[in-house]
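Heavy atoms only: backbone and side chains are in, while hydrogens, waters and symmetry mates are out. Only a predicted model underlies this, so the values are computations on that prediction, with no experimental measurement involved.
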Amino acid sequence: MIDAMNADTPFGPSLGRLERGGRGDLTARPEDRLDRRSKPRQVPPDSADASPDPDPAAGTVTGTARGTVPETALRDAPGDARPTARGQSAERPQEPMALRKRRPAWRSPLTRRILLMNMLVLAIPVLGLLHLEQYRQSLIDSELDAMTTQAEIFSLALGSTSTRDNDNGQPALMHETTRQVMRVLLNGTTLRARVFSVDGKLVGDSFLLSGPGGQVQVSELPPPNTAHGPAEWIGDIYDEIVNGLPGHEDLPRYRESAIQLASDYLEVERALQGETARVPRVGGGNRLVLSVAVPVTRYRQVLAALMLSKDGAAIDQAVIDRRHDVLLVFAVALGVTVLLSLYLARTIVVPLHRLAEAADRVRRGKGKRERIPNFTRRHDEIGDLSGALIDMTEALQSKLEAIEGFAADVAHEIKNPLTSLRSAVETVARLDDPDQQRKLMSIILDDVQRLDRLISDISDASRLDAELARGETEVVNVSNLLETLVEVHRATLGEGGPHFDVVMPADDRLLVDGIEGRLGQVFRNLISNAVSFSPPGGRIALSATRETGPGGQAWAVISVSDQGPGIPEGKLAAIFDRFYSERPKGEKFGTHSGLGLSISKQIVEAHGGQILAENRPEGGARFLVRLPAR
C-alpha cells in the first residue's frame, strides 16, 4: 500500500500501448520497457535536453521545445544571465572568486596579537626598573647614616686630642695635630676627611700628604675605559628615561676649587653652626659623591667642621647590577615568551589556515568532494570547529547528492507522460476521424493532468525542507488529530467502505511538539493508503500509545494497519524511496506520483521520529510512526 496522495484525481491511459507488468510496474512496449527496480536511473550527459531519445517505433521526434531556454544554458551562461520579462537575458558581470592566500605565520594578525599581549605582560617587570631609583635612594640613605656615625666618632676623637686651651683660656684647634689624627683615623678606609676652621679656611685634607717636595694630593684613579656593550647602552637609555621622568630631581654637581673654603660646601656651613648635615652630589663622569659634615666641639663650643666624603661607585654598581639582573630576566622571559607565543600562534593559526583553505576548496570544488582536515583529536575549540566543518561538508555533499538524485528521478518520471503527450499531439494532427481525435484529446487531457499532479507533488517535496526549517512548532494533540482524520474518512467513504477501529489513550494526553499541518499530512497519507488496499468491508486499525524509551525519553507510537495484500518481500524499505509506486490491482494508472511515503518519511524524521513498515502475520500491512512525546 503505497502513496495515496491526490487519490481523488484519476489519470487516463497513456498512448503507446503502456501496460502494467505487475502491481504498479509501469512499462511501455516490451522492447523499450523502463524498469527502475532492475536498472539504476541515469542522468543524460547533456541535461539541456531533458526529453527522451527518438522512438522510431512510435514515429516521434524528440528535442527541446522551441522558444525555451535549457536550464544548463542558463547555468553555463557567462556572467549572470537571467531571462527578463520579454524573454531576453540581462547579463551582469560576475566577479571571479578570489583564491585565499595563505599568510606566513609571522605576518598573521592573530600571531601579532598573541605576541603583543604576551609582551605587554612582560612590560610589567620592565616598569619595575623605575623602582630602582627608590632602591638607589635607600642605599644612599644607608651609606650616609653610616658616614654620619663615623663622622661623629671622628669628631669626638678630634675634639679630645687635637684641641688645647690658649693663653686667654679659650679652646683652640691644633692644625698639625688634627692632620696627624686624621691620617691615623682614616687609615685603611676609602673616606676622605677635611677639616675647616671657624673662619672657613681648610685646616686639613686626608688626600693631601706632606713630603719632601711639599704637599701631594692623593686621588683614586677611575676604572679603565672599557667598550660600551648592549647592557651599557640599555643602562644609558634607562638613565635618560629616569632623568626625564616628572618628579626626578637631579643631584647637585660636586665642584672642588683650587683653594677650598667652607662656603663652597653647604653641609660645612651648617656644621659650623652646630648642625649635622649631609648632601649627595654628582661628580665627574656622573659618579656619586656622598658628603657628611659634623661640628668639632670642645666644652660645647664649635671649633671646626669635619667633612667626610666618599665616592658612591659601590652604590652605582649595586644599582647597575640589579638593573642587569632585571634586564637579564626580562631578556630570557622575552625569548621564552616569543618562542611560546610563536608556538601557540602556530598551533592556532596554521590549523585555521588549513580549515579556511579547505573551505575555499569546497566552495570552488563545483561538486567535487573535498576533504576537510581532521583536528578533532586536539580536544579543543579548533578540534570542535574542524568536526563541525566536517559534519557540515558531509551534510552539504549529501544534500547535493540528494538534489542530483532528485533531479534524475524527476527527469525520469516526466519523460513517460511527455512521450505519451507528444505522440498524441503529433498523431491527432494527422487524423481525420472525429472519434479517434476525441480519444486522443482525452489521452492528452489525462497526460496533462498527470503532469500537473506530478509537478505539484515535486514542488511540494522540493520546498519541504525549507518549510520544515522555517515552520513554527506547537503542541499537537495526536489523539485529537487522528480522530478528526478518521471522522473525515468515515464521512467521505460512506457505506461499503472499510471500518475503522480506533484505540486512543484514556487520558487523551498524547502530546508532541511539531507542525500540525505536516503531521496531519503524514497520517492522512497512511490512512488513505490503508483505505486503498483494504478489501470491501475490511477493517483498518489505528492505535496511539505512549512508550518510554532508554534514558526516560517518552515516545508517541502511532500504528495504522489494514487487511490488504501487504507489502512485497524485500520492499519494506524501498517503498519510502521517491517515485516508487506499488498500487492495488484495478486502480487507474498514473493516479499517484510515488512521493507520498517519501514526503511522509521526510516530515517524520524532521520531527525527530521514525516511520517503519511491516507485514502483519495475519495478513495486511502495518505502518508505525514514532514521535518524541512531551
Asker: Apply side chain to side chain donor-acceptor pair (under 3.5 Å) to the pair Glu269 and Gln273, showing each step before the final yes or no.
Answerer: CA-CA 7 Å; Glu269 291 183 339; Gln273 297 175 4; over 6 Å; no
Asker: Let me confirm one number: the CD1-CG distance from Ile140 to Leu251, rounded to the nearest 0.5 Å.
Answerer: 6.0 Å
Asker: For the CD1 atom of Ile382 and the OG1 atom of Thr347, what is their distance to the nearest 0.5 Å?
Answerer: 6.5 Å
Asker: Check whether any side-chain heavy atom of Arg164 lies under 4.5 Å from a side-chain heavy atom of Pro171, and answer yes or no.
Answerer: no
Asker: Would you mind reporting whether Thr177 and Leu158 have side-chain heavy atoms less than 4.5 Å apart?
Answerer: no
Asker: Check each of Arg194, Arg270, Arg281, Arg255 against Tyr265 using the side-chain hydrogen bond (donor to acceptor under 3.5 Å, both in side chains) test, and report the only one that passes.
Answerer: Arg194
Asker: Between the side chain of Asn187 and the main-chain N/O of Val184, is any donor-acceptor distance below 3.5 Å?
Answerer: no
Asker: Looking at residues at least two apart in the chain, or sitting in another chain, which of them share a side chain to side chain donor-acceptor pair (under 3.5 Å) with Glu143?
Answerer: Lys310
Asker: Please tell me if the side chains of Arg287 and Tyr254 come closer than 4.5 Å, counting only heavy atoms from C-beta onward.
Answerer: no
Asker: Provide the closest heavy-atom pair for Pro373 versus Arg354 in the form atom of the first, atom of the second, distance.
Answerer: CB-NH2, 3.9 Å
Asker: Rounded at 0.5 Å granularity, tell me how far CZ in Arg136 sits from CG in Asp141.
Answerer: 11.0 Å
Asker: Out of the candidates Gln317, Arg323, His324, only one should pair with Asp321 under the side-chain hydrogen bond (donor to acceptor under 3.5 Å, both in side chains) rule; please name it.
Answerer: Gln317
Asker: Which side chain to side chain donor-acceptor pair (under 3.5 Å) pairs, counting each pair once, include a residue from residues 378-393, with sequence neighbours left out?
Answerer: Arg378-Asp380
Asker: Answer yes or no: does atom CG of Leu339 have more than 12 heavy-atom neighbours from other residues, nucleotides or ligands under 6.0 Å?
Answerer: yes
Asker: For the pair Ser160 (side chain) and Ala157 (backbone), establish whether a donor and an acceptor sit closer than 3.5 Å, ignoring hydrogens and angles.
Answerer: yes
Asker: Tell me, with the steps shown, if Met182 and Phe154 meet side chain to side chain contact (heavy atoms under 4.5 Å, CB included).
Answerer: CA-CA 8 Å; Met182 287 171 52; Phe154 293 168; over 6 Å; no
Asker: What is the minimum heavy-atom distance between Thr376 and Gly383, and which atoms define it?
Answerer: CG2-O, 3.6 Å
Asker: Once rounded to the nearest 0.5 Å, what's the spacing between atom CD of Glu474 and atom CG of Leu511?
Answerer: 11.5 Å
Asker: Distance check, rounded to the nearest 0.5 Å: Ser291 atom OG versus Glu267 atom CD?
Answerer: 5.0 Å
Asker: Give me the atom names and distance for the closest heavy-atom approach of Arg546 to Ala554.
Answerer: NH2-CB, 3.6 Å
Asker: Looking at Arg253, I'd like to know if its CZ atom is crowded, meaning that more than 12 non-hydrogen atoms belonging to other residues, nucleotides or ligands lie closer than 6.0 Å.
Answerer: yes
Asker: Can you see which heavy atom on Ser162 is nearest to which on Leu173, and at what distance?
Answerer: O-CD1, 3.3 Å
Asker: Search all heavy atoms of Asp316 against all heavy atoms of Leu288 and return the closest pair with its distance.
Answerer: OD2-N, 3.4 Å
Asker: Measure the shortest side-chain to side-chain distance between Gln301 and Thr297 over non-hydrogen atoms and say whether it is less than 4.5 angstrom.
Answerer: no
Asker: Using a 3.5 Å distance criterion without hydrogens, assess whether the side chain of Thr473 forms a donor-acceptor pair with backbone atoms of Gly514.
Answerer: no
Asker: Report the C-alpha distance between Phe196 and Lys201 in whole Å, list the side-chain angles of each, state the deciding distance to 0.1 Å, and finish with yes or no for side chain to side chain contact (heavy atoms under 4.5 Å, CB included).
Answerer: CA-CA 5 Å; Phe196 294 88; Lys201 294 181 180 180; over 6 Å; no
Asker: Are any of the side-chain heavy atoms of Thr548 and Trp555 separated by less than 4.5 Å?
Answerer: no
Asker: Any salt bridge between Arg192 and Glu256, counting N to O under 4.0 Å?
Answerer: yes
Asker: I'd like to check Leu340 versus Leu344 (side-chain heavy atoms, cut-off strictly below 4.5 Å). Are they in contact?
Answerer: no
Asker: Rounded to the nearest 0.5 Å, what's the gap from CG on Leu306 to CD1 on Ile153? Could you check?
Answerer: 11.5 Å
Asker: What verdict does the side chain to side chain donor-acceptor pair (under 3.5 Å) test give for Asp311 and Thr190, after you've listed the backbone C-alpha separation in whole Å, the side-chain angles of each residue and the deciding distance to 0.1 Å?
Answerer: CA-CA 8 Å; Asp311 188 355; Thr190 58; over 6 Å; no
Asker: Looking at Ala304 and Leu272, what are the two nearest heavy atoms and their distance?
Answerer: C-CD2, 3.8 Å
Asker: Within a strict 4.5 Å, meaning less than it, do heavy atoms of the Leu385 and Leu352 side chains meet?
Answerer: yes
Asker: Kindly indicate, with the supporting measurements, whether the criterion side chain to side chain contact (heavy atoms under 4.5 Å, CB included) is fulfilled by Ile390 and Asn374.
Answerer: CA-CA 8 Å; Ile390 291 174; Asn374 191 345; 3.9 Å; yes
Asker: I'd like to know whether Leu355 forms a side chain to side chain contact (heavy atoms under 4.5 Å, CB included) with Ile372, so could you lay out the CA-CA distance, the side-chain angles of the two residues, the decisive distance to 0.1 Å, and finally the verdict.
Answerer: CA-CA 7 Å; Leu355 292 175; Ile372 302 295; 3.9 Å; yes
Asker: Considering only heavy atoms from C-beta outward, does the side chain of Leu290 approach that of Arg278 to under 4.5 Å?
Answerer: no
Asker: Examine distances only and state if a side-chain atom of Ser398 and a backbone atom of Glu394 form a donor-acceptor pair shorter than 3.5 Å.
Answerer: yes
Asker: Looking at Leu519, is its backbone amide N or carbonyl O close enough to the side chain of His607 to form a donor-acceptor pair, meaning the two atoms are under 3.5 Å apart?
Answerer: no
